[in-house]
Amino acid sequence: MNKDEYISDIKKELGFMPYDEVLKAEEYFNSYFSGAESCDEVIKRLGTPKEAAQRYCRNRRDNEKYKRRYENKSRNYTGWVIAIIAAVFLFPIWAPVLILSAAFIICLIVFMITVSFGTWLSGGAAILSGIFAKAAIADKLIQCGLGFLMFGVGLMLSWLLVWAFINISIWIIRKVTKS
């Protein structure tokens, strides 16, 4: 196999890459053949066209990771400093808003728990009082039916509250651990 066939095979292996990248790879491999070694020695050292193409892609990918890592370390932190200074000076504004928002959310959760479990327990009480009431059978049936309805609605509200709490907790954990 001569130099042109070898580089042509490498270009075929790198056919998935953009054309300008394939041309860069061709220049890269041509530089190997411009030295004092013979064509057969260079091919033997580089391996098969497939191995050479894979090595080229791996080195290219590693170089890009290194560049990104290096660029990230030389980041400018001016924006973070400004944000921290702004947060400190705006503390009298955002702290009460944050506290009031947290208080509102806590009150809303307590209200939802009270309503859901209260409806559930009221339904159970209505069922029991309907069974043991000294009234006509029709009145007992209506009271038990309404008790079962309230019990079901309360049970459903309680289940929805637990489901929402679990899903919101999972969402918060994912957001916190992602950053």
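Computed from heavy atoms alone, side chains included, the values below leave out hydrogens, waters and symmetry copies.
- Minimum interatomic distance between G124 and F151 (heavy atoms only, all atoms of both residues): N-CD1, 3.8 Å.
- Both L108 and I105 belong to a single network of hydrophobic side chains, linked directly or stepwise wherever heavy atoms of I, L, V, M, F, W or Y lie under 4.5 Å apart.
- Closest of all the heavy-atom pairs between A52 and Y6 is CB-OH, 3.6 Å.
- Going from atom CG of L146 over to atom OG of S122 covers 12.5 Å, rounded to the nearest 0.5 Å.
- Put simply, CD1 on I168 and CH2 on W171 are 8.5 Å apart, with the number rounded to the nearest 0.5 Å.
- Between atom CE of residue M112 and atom SG of residue C107 there is a gap of 13.0 Å, rounded to the nearest 0.5 Å.
- For residues 139-153, every residue pair satisfying the side-chain hydrogen bond (donor to acceptor under 3.5 Å, both in side chains) rule, not counting sequence neighbours, is listed here: S129-Q143.
- Closest of all the heavy-atom pairs between G147 and A126 is CA-CB, 3.6 Å.
- Side-chain contact between K12 and D9 is present, with at least one heavy-atom pair separated by less than 4.5 Å.
- A continuous path of hydrophobic side-chain contacts links V22 to I10 [ILVMFWY only; heavy atoms under 4.5 Å].
- K24 has no carboxylate O lying under 4.0 Å from a charged side-chain N of E27, or vice versa, which leaves the two without a salt bridge.
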For residues 83-92, which side-chain N or O atoms pair as donor and acceptor with protein atoms under 3.5 Å away, sequence neighbours left out?
none

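- Note: the hydrophobic cluster containing F148 also contains F132 (ILVMFWY, side chain heavy atoms under 4.5 Å, direct or indirect links).
- Between N30 and K3, some side-chain heavy-atom pair lies under the 4.5 Å cut-off.
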Might you work through the side chain to side chain contact (heavy atoms under 4.5 Å, CB included) test for L157 and L161, ending with a clear yes or no? CA-CA 6 Å; L157 286 174; L161 185 65; over 6 Å; no
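- A ring-centre distance under 6.0 Å is found for F29 and Y56.
- Nearest heavy-atom pair across C144 and I127 is SG-O, 3.7 Å.
- A distance of 10.5 Å separates CD1 of I131 from CG of L141, quoted to the nearest 0.5 Å.
- Counting all heavy atoms, side chain and backbone alike, L14 lies closest to A25 at CD1-CB, 3.5 Å.
- With a 4.5 Å cut-off on side-chain heavy atoms, C57 and M17 count as touching.
- Here the closest non-hydrogen pair linking M150 and G123 is CB-CA, 3.6 Å.
- Distance CD1/I7 to CD1/I43: 8.5 Å, rounded to 0.5 Å.
- Atom-to-atom distance recorded for D40:CG and R45:CZ is 13.0 Å, nearest 0.5 angstrom.
- Residues I109 and F165 fail the side-chain proximity criterion, which asks for heavy atoms closer than 4.5 Å.
- Judged by distance alone, with hydrogens and angles left aside, the side-chain atoms of R55 form no donor-acceptor pair with the main-chain N or O of K50 at under 3.5 Å.
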